[in-house]
Amino acid sequence: KTPTPNHMYFNTIQVKSDKLYDYLYNLPHESLPWVEHFGFDAFDIDLSWREKDKGLAAIHSLYPIKRLGLLRIPPNCMYDWHVDDYRLSTVNMLIKHSHSHCLFGLNRGDYYINTLELDYKPKTFYLFNNQEYHSVVNFCEPRYCFSLYFEKELDYHRLKQIMSPIISA
């Protein structure tokens, strides 16, 4: 049985990216100064995007953002099942991939994990519950995903209440 409802795991933010998505999509990814960040390759993004992008501005106006970044997962890799030690919740936006899956799951026995997929849509931000069991499976080519840190860590359900004016029901 699939874990439900999905709003325990992620919520779609209604205000789309109007500039940041295109900027990140068109970056020369291979030549960026990547650094290791909790197993990901990471590239810091200038904080001025909090004001320049309509979606990020809407998020930042409701709950302050501290750090922006682009995360890369190599081809034919899986970021193992986990719950984050360092973040309670975040906002993500998939930038570029050819074949990947972001999965949330519940451990249901010795052999199977029931899963729910976050099926990313272009230019769309998602409020993401880092305290639920999740994983990323990536194939073929590098996968690039935007992510952020808020000024103060906040439980996903409390953050969802604060973000309610811009979250899809």
Side-chain angles (χ1 to χ4, degrees), residues 3 5-25 27 29 32-73 79-97 100-105 116-136 138 143-169:
N6 69 337
H7 58 78
M8 289 177 48
Y9 303 91
F10 61 88
N11 281 93
T12 304
I13 295 179
Q14 296 170 341
V15 185
K16 304 273 189 204
S17 173
D18 64 343
K19 294 183 179 104
L20 180 64
Y21 177 90
D22 292 329
Y23 168 76
L24 294 175
Y25 187 90
L27 280 176
H29 298 112
L32 295 176
W34 297 99
V35 296
E36 190 276 333
H37 183 72
F38 295 100
F40 288 100
D41 292 331
F43 171 72
D44 278 325
I45 299 167
D46 191 278
L47 288 174
S48 66
W49 283 103
R50 293 180 300 191
E51 290 80 35
K52 291 193 285 191
D53 184 84
K54 185 178 179 181
L56 275 185
I59 294 163
H60 186 61
S61 72
L62 293 171
Y63 199 69
I65 297 169
K66 172 172 72 173
R67 187 176 181 190
L68 307 172
L70 185 63
L71 303 176
R72 177 175 68 180
I73 296 179
Y79 198 90
D80 208 356
W81 290 103
H82 66 287
V83 170
D84 288 18
D85 292 331
Y86 57 97
R87 280 196 297 188
L88 299 177
S89 48
T90 190
V91 170
N92 289 345
M93 175 174 58
L94 186 60
I95 302 302
K96 191 185 255 187
H97 77 124
S100 70
H101 303 278
C102 176
L103 304 171
F104 288 88
L116 173 69
E117 182 169 9
L118 194 173
D119 185 16
Y120 284 95
K121 304 297 182 215
K123 300 185 179 190
T124 304
F125 294 103
Y126 295 87
L127 182 61
F128 192 99
N129 189 347
N130 297 74
Q131 294 304 297
E132 292 291 343
Y133 206 42
H134 59 282
S135 177
V136 175
N138 184 48
R143 177 187 194 268
Y144 299 95
C145 187
F146 166 82
S147 195
L148 61 77
Y149 282 91
F150 290 104
E151 285 287 343
K152 293 182 181 173
E153 289 299 319
L154 190 62
D155 172 79
Y156 170 81
H157 301 287
R158 179 69 188 112
L159 188 56
K160 190 168 74 170
Q161 290 174 335
I162 292 169
M163 297 283 172
S164 66
I166 60 170
I167 288 179
S168 297

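Defined by atom type and a distance below 3.5 Å, a donor-acceptor pair is missing between the side-chain atoms of His134 and Asn129. Between Ser17 and Lys54, the side chains place no donor N or O within less than 3.5 Å of an acceptor N or O (distance only, hydrogens not considered).
Listed here is the closest heavy atom pair of Thr124 and Ile13: CG2-O, 4.2 Å. Between Ile73 and Asn138 the shortest heavy-atom distance is O-ND2, 3.3 Å. Heavy atoms only, all atoms of each residue included: Trp34 and Arg72 are closest at NE1-NH1, 3.0 Å. Scanning both residues, Gly55 and Val15, for their nearest heavy atoms gives CA-CG1, 3.6 Å. Residue Tyr120 comes nearest to Cys102 through the heavy atom pair CE1-CB, 3.8 Å, listed as atom of the first residue, atom of the second, then distance. Annotation for Arg50 and Glu151: closest pair NH1-OE2, 4.4 Å, computed over non-hydrogen atoms.
Annotation for Tyr25: atom OH does not count as buried by contact number, only 12 or fewer foreign heavy atoms lying within 6.0 Å.
Between Tyr86 and Glu153, every side-chain heavy-atom pair lies at or beyond the 4.5 Å cut-off. Counting only heavy atoms from C-beta outward, the side chains of Val91 and Phe150 approach each other to under 4.5 Å. The side-chain heavy atoms of Tyr23 and Asp53, taken from C-beta on, include no pair separated by under 4.5 Å. A heavy-atom distance below 4.5 Å is not found between the side chains of His101 and Val136. In this structure, the side chains of Lys123 and Asp22 come closer than 4.5 Å at one or more pairs of heavy atoms. For the pair Phe10 and Asn92, the minimum side-chain heavy-atom distance is 4.5 Å or more. In this structure, Lys52 and Leu20 have side chains that are not in contact, with every pair of non-hydrogen atoms separated by 4.5 Å or more. You'll find the side chain of Leu88 stays beyond 4.5 Å of the side chain of Tyr156, heavy atoms only.
With rounding to the nearest 0.5 angstrom, the CG atom of Leu116 is 10.0 Å from the CE atom of Met8. Summarising the geometry, atom CD1 belonging to Ile167 is positioned 9.0 Å from atom CD1 belonging to Ile59; distances are rounded to the nearest 0.5 Å. Atom CD of Gln131 sits about 8.0 Å away from atom CG of Asp85, to the nearest 0.5 Å. The CG atom of Leu148 sits 11.0 Å away from atom NE2 of His60, with the distance rounded to the nearest 0.5 Å. To the nearest 0.5 Å, atoms CD (Glu117) and OH (Tyr9) are separated by 14.5 Å. The CD1 atom of Ile95 lies 7.0 Å from the SG atom of Cys145; values are rounded to the nearest 0.5 Å.
In terms of modelled atom types and a separation under 3.5 Å, the side chain of Gln14 and the main chain of Lys16 share no donor-acceptor contact. A donor-acceptor contact shorter than 3.5 Å links the side chain of Lys160 to the backbone of His7.
A search for side-chain contact (heavy atoms from CB on, under 4.5 Å) contacts involving Arg158 returns Leu154, Asp155, Gln161, Ile162, not counting sequence neighbours.
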Can you check side-chain contact (heavy atoms from CB on, under 4.5 Å) on Leu27 and Phe43, steps first, answer last? CA-CA 11 Å; Leu27 280 176; Phe43 171 72; 4.1 Å; yes

CA sep, side-chain torsions, deciding dist, call: Tyr126, Leu118, side-chain contact (heavy atoms from CB on, under 4.5 Å): CA-CA 9 Å; Tyr126 295 87; Leu118 194 173; 3.9 Å; yes

Output, in order, the C-alpha distance, side-chain angles, deciding distance and verdict of side-chain contact (heavy atoms from CB on, under 4.5 Å) for Leu94 and Arg143. CA-CA 8 Å; Leu94 186 60; Arg143 177 187 194 268; 3.6 Å; yes

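If you look at Phe128 and Phe104, their ring centroids are closer than 6.0 Å.
Taking the six-membered ring where tryptophan is involved, the planes of Tyr79 and His82 are perpendicular, since the angle between them exceeds 60° and thus also 30°.
A salt bridge links Asp119 to Lys121: at least one charged side-chain nitrogen sits closer than 4.0 Å to a carboxylate oxygen.
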